[in-house]
Amino acid sequence: MPHMFDMLLAVFDRAALMLICLFFLTRTPLFRKLLHKENENHTPLELTAVTAIFSLFAIFGTLSGINVEGSLINVRTIAIMSGGILFGPWVGIITGLISGTHRFLIDIHGPTSVPCLITSITAGFLSGYINKKVKKSLHWKVGILGGMLCETLTMILILLMARPFSLGLDIVMNIAAPLILGASSIGLIVLLVQSVEDEKEVIAARQARLALDIANKTLPYFRNIEGRNINAGSLASICSIIRDDIDADAVAITDTKNILAYVGVGAEEYNIGHETLSEMTKATLESGEITVKNNDEMHRTPQIHSLIIIPLWEKGEVTGSLKIYYCDPHRITYSLKVMAIGLSQIMSTQMEVSRTEQLREMANKAEMRALQSKINPHFLFNALNAISSSIRARPDVARQLIINLSRYLRYNLELNDELIDLRKELHQVQDYIAIEQARFGSKLTVIYDIDDDISVKIPSLLIQPLVENAIVHGIQKCSGKGVVVISVKHQADGIRVSIKDTGHGINQETIDRVARNEMPGNKIGLLNVHHRVSLLYGQGLTIRRLEPGTDISFVITHTQPQVTAASESKIA
């Protein structure tokens, strides 16, 4: 038993030596690079190098083996199984062929040469199968079992092939336990190498967190703060944040033609906004692939020796690039590349959202101007007619109507992006109603039900389009008299604004189209108000058909966002 115990220690001793060698290999950049790549992505040259390493381990295991009656106590199977499990079938199979052939050639007529050759090749195929078919987290456990099965197969073959049988039996009795138990070293080797391989997940998580931190810091510069669009200043601020957080020497952002921002070493060499791109950057934008230069010298800035260029995408097209520079060579590491890719993806999304917000803002402003211009022609014509008919018979009424009209027009002409007091909006509504009442006469009655202590700011033209809708599409279309009730009342969750009429009544199709944010016929004002109320207060217009008439209302919440009308438009 002590003799068998000594042989078991010898197996573990040689396996430990292999483990130490692999540990030092995992500290080298080239080997770590191999581990951080998926097996399918390994080049033939990389697979050849790994196969050579594990073949040497296997051959060393054979040469350092302990001779026992023509057999060898060795760690060849451990090396074959470890290589195949970690790097795939080709490494395992070729390592098995090479080391098995070597074992056969050094002792062609030995009692265990053929069994060892067969088992070595079998171990190569088995390790490749484990790599492909077994869950990665179970590789080490199944690897131990596979190694023990291979060594058991060796014992069976020795018993079948060794002559005389008594010699084979004696060999098996001495070496079976040390070799089979020694196969447990496969698990240790696989776990060691996989722990280094799994570091890429930790690195990716760490760099993703860094990318998100940078994204949070740069997010305000992608948004139109106080109505400003993304410009050279905001892009320069973004570059400065990235440069400081990743300790880069310079950072630049480009579009497809020019450098938009450059911060750091060599900034004085560039004419920002007008500087054309280098051929390297153009090639990156054309290919859409990341460019890494780890030991190069930039033509314009010779002090820069490391560079990574990452394309920025919008709607499936390359629209620019993020460039990161270092003065020292070989600074573009795997972890930095992971972080830069994640950051570029976030930046691409932020830029696309920002550009979409700008387009929406422009569309909303155009819609507001269309709303204003739509009011003017017909309303102005009718107002002037009402004034004209009152000049002789009721000059005081005509004078007051002129004042109402001038205030109404001035209000519309002076509209801007600022929030206004709700009572100012109501004054404009009153001027509008005074003119309409002069036109409709006794057909139109307006009732105001407004709490005295109302004090809140709202965007302009929220209430007047609803009143106009009630008069033009409600009262005007009915044959008899009509009443419009304008209500502004406090309630538990805010201030409720309601415009109720006794007119023609809104149809269900219009209510449904507004709810779906679709244009309900020619009612641009109604849909505009629904959009803006929804964005500001979280819920759009509530529209109900009455018998007779229509009730349209919305709630100004107590927690309304303190934003300008411009920023309200940008959210749309």
Side-chain angles (χ1 to χ4, degrees), residues 368 371 375 404 407-408 411-412 415 418-437 440 443-476 478 481-506 508 510-511 514-515 520 523 525-565 568:
M368 177 65 74
L371 179 62
I375 294 170
N404 293 135
R407 283 195 310 226
Y408 176 82
Y411 179 87
N412 279 273
L415 284 180
E418 297 299 323
L419 299 177
I420 62 170
D421 190 274
L422 183 141
R423 290 198 174 273
K424 185 175 181 180
E425 173 86 350
L426 290 174
H427 289 155
Q428 189 255 7
V429 170
Q430 289 172 336
D431 287 328
Y432 170 79
I433 289 173
I435 297 168
E436 291 290 62
Q437 283 181 319
F440 286 102
K443 180 180 175 68
L444 174 63
T445 300
V446 178
I447 299 173
Y448 296 94
D449 183 16
I450 301 171
D451 286 348
D452 293 332
D453 57 345
I454 295 292
S455 179
V456 66
K457 289 185 178 295
I458 63 171
S460 57
L461 286 181
L462 275 191
I463 301 176
Q464 188 274 335
L466 301 182
V467 175
E468 178 183 356
N469 183 77
I471 295 173
V472 174
H473 298 289
I475 305 301
Q476 184 176 346
C478 68
K481 295 181 179 181
V483 178
V484 174
V485 180
I486 302 173
S487 172
V488 182
K489 309 292 286 184
H490 284 292
Q491 62 178 39
D493 57 344
I495 297 171
R496 184 175 184 272
V497 178
S498 170
I499 311 299
K500 185 186 302 183
D501 68 75
T502 59
H504 181 68
I506 193 168
Q508 188 61 43
T510 299
I511 297 175
V514 171
K523 300 177 179 62
L526 189 63
L527 185 62
N528 179 285
V529 174
H530 177 72
H531 277 167
R532 297 190 295 145
V533 168
S534 177
L535 293 168
L536 272 174
Y537 309 118
Q539 182 175 346
L541 297 176
T542 300
I543 306 175
R544 294 187 300 125
R545 180 181 172 88
L546 306 176
E547 293 299 337
T550 304
D551 181 14
I552 301 178
S553 64
F554 64 89
V555 176
I556 303 170
T557 60
H558 291 308
T559 56
Q560 61 170 314
Q562 299 300 312
V563 297
T564 63
E568 162 213 345

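No side-chain heavy atom of Ile486 sits less than 4.5 Å from a side-chain heavy atom of Asp449. Using a 4.5 Å heavy-atom threshold, the side chains of Ile475 and Thr502 count as touching. A 4.5 Å side-chain heavy-atom check between Ile420 and Glu425 finds at least one atom pair inside the cut-off. In this structure, the side chains of Leu426 and Tyr448 stay at 4.5 Å or more apart for every pair of heavy atoms. Inter-residue side-chain proximity for Tyr537 and Asp493 is flagged as unmet; no heavy-atom pair is nearer than 4.5 Å. Looking at heavy atoms from C-beta onward, Thr550 lies out of side-chain contact with Asn469 at the 4.5 angstrom threshold. Taking the side chain as every heavy atom from C-beta outward, Val497 and Leu462 never approach each other to under 4.5 Å.
Checked against salt bridge (Lys or Arg N to Asp or Glu O under 4.0 Å), Arg423 has no partners two or more places apart in sequence or in another chain. The side-chain contact (heavy atoms from CB on, under 4.5 Å) check on Val485 picks up Ile447, Val483, Lys500, with sequence neighbours excluded. With sequence neighbours excluded, the residues that form a side-chain contact (heavy atoms from CB on, under 4.5 Å) with Ile511 are Ile506, Gln508, Ile543. Looking at residues two or more places apart in sequence or on another chain, you find a side-chain contact (heavy atoms from CB on, under 4.5 Å) between Gln476 and Arg439, Phe440, Val472. Looking at residues two or more places apart in sequence or on another chain, you find a salt bridge (Lys or Arg N to Asp or Glu O under 4.0 Å) between Asp451 and Lys489.
Listed by first and then second residue, the salt bridge (Lys or Arg N to Asp or Glu O under 4.0 Å) pairs that reach into residues 546-555 are Arg496-Asp551, Arg544-Asp551, Arg545-Glu547, sequence neighbours excluded.
Nearest heavy-atom pair, Gly474 versus Asp501, reported as atom, atom and distance to 0.1 Å: CA-OD1, 4.2 Å. Nearest heavy atom pair, residue His530 against residue Leu541, reads ND1-N, 3.1 Å. In this structure, Cys478 and Gly503 approach most closely via the heavy-atom pair SG-CA, 4.2 Å.
The line from NE2 of His427 to CG of Leu422 is 10.0 Å long, rounded to the nearest 0.5 Å. Considering CG of Leu546 and CD1 of Ile552, their distance stands at 10.0 Å, rounded to 0.5 Å. Between atom OG1 of residue Thr445 and atom CD1 of residue Ile433 there is a gap of 11.0 Å, rounded to the nearest 0.5 Å. To the nearest 0.5 Å, atom CD of residue Gln464 and atom CD1 of residue Ile499 are 10.5 Å apart. Separation of atoms CD1 (Ile556) and CD1 (Ile458) is listed at 5.0 Å; rounding is to 0.5 Å.
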Chi angles and distances behind the side-chain contact (heavy atoms from CB on, under 4.5 Å) call for Val555, Thr542: CA-CA 9 Å; Val555 176; Thr542 300; over 6 Å; no
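A donor and an acceptor atom, one from each side chain of His490 and Asp453, are located under 3.5 Å apart.
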